[in-house]
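Before any comments, here is the structure.
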Amino acid sequence: MFLGVDGGGTKTAFCLIDARGRLVAEARTTGIYYLQQGIDIVEPLLRQGIAEVCATAGIDVADLSYAFFGIPCYGEISADVPVLDALPRRFLGEVGYACGNDMICGWAASLGGADGINVVAGTGSIAYGEHRGRHWRAGGWSELFGDEGSGYWVAIQGLGAFSRMSDGRQPPSALADEMRRTLGVTTDLDAIDIVMNRWHGDRGRIANLSRVVTRAAEAGDPTAAVILGRAGRELALHVEAGAAALGFEPDQTVPVSYSGGMFGSAHLLGSFREALQHGSHGYELREPLLPPHVGAAVYAARLAGHSVPLDRLSAVPTLEGLS
């Protein structure tokens, strides 16, 4: 039985698969992005999720064969890496495991662990790829000076457009009214109070405002469509950098896939696809095979020396797929 954990900014998903490619159980907790609340939030949430997923499967933790923990921010604070690496031992006992950045979950899921590049655009954004034994990542530089194309980035662009529309620096559009309704403001400047004082600049709550931009674009708002178009092109830049860094030859076809909620936007995905069509390589854009938490379990099996058949997993609806 293999455990996969896909940590994120707003939620953490757990699943168990067996060696035959059968999805056995799933669970979900809140996110384990710990930079704002501290590293101490990670252990209790992992304990909770593992207890729930094992209870659903009717097994003990000791019955697990191997586990992989995809942790946001992993590898980005050197001093935290040994702390995170040691943490699962406290509740897994002698079960084998590995920790890594959650970008690996998206790659293993979307491409089934095959060579190629996967781009994640959820609360934040990051890309990961492998080719002939090479490993590479780009993006994930935090919401303050990175995460282009992510939910947070799109939300900030939307809030910026709202502020300019409010004081006359930009012609008004339906995006402004949609933002007012979502924030529940009648005085536009109260947006500052809500986002900065009441939310304390919370990364996840701000990222949720990306839905305002998506809804406005779907309703035909040109400003929102421009924001999502820029997001798609920013994410495509990750792929361009990865193709070069991983040593793909110009005449090679580069498998590319994606994961994360922002790719649910037709405007963003369309812009991403168009940018790749004009890229430096021939890119083959593939729909994701599996949800990231299932990919984490597949990766756990791979680390343990097992090859799990993907066809059965890809045909099974999951909590992630139904959300």
Side-chain angles (χ1 to χ4, degrees), residues 6-13 30-36 70-76 101-107 109-110 117-129 136-162 175 179 182 195 199 201-218 223-242 256-273 275-276 288 291-293 320 323:
D6 176 45
T10 54
K11 66 179 183 295
T12 300
T30 57
I32 55 173
Y33 181 84
Y34 65 86
L35 290 190
Q36 290 182 323
I71 302 173
C73 317
Y74 183 94
E76 296 162 14
N101 194 282
D102 60 313
M103 64 187 179
I104 298 175
C105 305
W107 167 79
S110 294
I117 298 168
N118 184 68
V119 181
V120 182
T123 302
S125 65
I126 198 168
Y128 177 77
W136 161 91
R137 67 162 279 180
W141 287 90
S142 87
E143 64 272 18
L144 290 181
F145 53 94
D147 283 353
E148 295 87 351
S150 68
Y152 186 96
W153 185 91
V154 167
I156 292 298
Q157 305 306 309
L159 285 167
F162 168 71
L175 174 62
M179 192 67 76
T182 301
V195 174
W199 294 358
D202 182 82
R203 181 175 180 260
R205 297 185 77 171
I206 292 172
N208 283 336
L209 293 177
S210 62
R211 298 172 184 172
V212 175
V213 181
T214 300
R215 287 197 299 268
E218 290 171 349
T223 300
V226 167
I227 292 171
L228 292 170
R230 283 184 58 202
R233 291 190 293 275
E234 287 284 353
L235 294 169
L237 287 176
H238 292 65
V239 178
E240 285 279 85
V256 177
S257 194
Y258 51 89
S259 51
M262 288 310 302
F263 281 105
S265 162
H267 285 81
L268 185 150
L269 181 57
S271 173
F272 180 69
R273 180 182 289 109
L276 292 181
H293 65 314
E320 295 289 278
S323 63

Non-neighbouring partners of [X] that pass side-chain hydrogen bond (donor to acceptor under 3.5 Å, both in side chains), sequence neighbours left out:
X	result
Glu218	none
Glu148	none
Ser110	Asn118
Tyr152	none

Using side-chain contact (heavy atoms from CB on, under 4.5 Å) as the criterion, list what pairs up with [X], not counting sequence neighbours.
X	result
Ala121	Leu235, Met262, Phe263
Leu237	Glu234
Ala138	Trp136, His238

For a quick test of reading the model, state the closest non-hydrogen atom pair linking [X] to [Y] and the distance between them.
X	Y	result
Ala275	Ala236	CB-CB, 3.5 Å
Val213	Ala224	O-CB, 3.3 Å
Ile117	Val239	CD1-O, 3.7 Å
Gly149	Val154	O-CG2, 4.3 Å

### Task
Could you note down all residue pairs passing side chain to side chain donor-acceptor pair (under 3.5 Å) where residues 205-216 supplies at least one of them, sequence neighbours left out?
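For residues 205-216, and leaving out neighbouring residues, the side chain to side chain donor-acceptor pair (under 3.5 Å) pairs sorted by first residue read Glu178-Arg215, Thr182-Arg215.
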### Query
Does the pair Glu240/Arg233 count as a salt bridge with the N-to-O cut at 4.0 Å?
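Judged by the 4.0 Å cut-off on N to carboxylate O distance, Glu240 and Arg233 do not form a salt bridge.
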Sequence neighbours left out, cut at 3.5 Å: what donor-acceptor pairs do the side chains of residues 266-273 make with other protein atoms?
unit_1: Ser271; atom_1: OG; unit_2: Gly229; atom_2: O; d: 2.6

### Message
Counting only heavy atoms from other residues, nucleotides and ligands, does the tally under 6.0 Å from CH2 of Trp141 exceed 12?
### Response
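Atom CH2 in Trp141 is not packed in, count stays at 12 or less.
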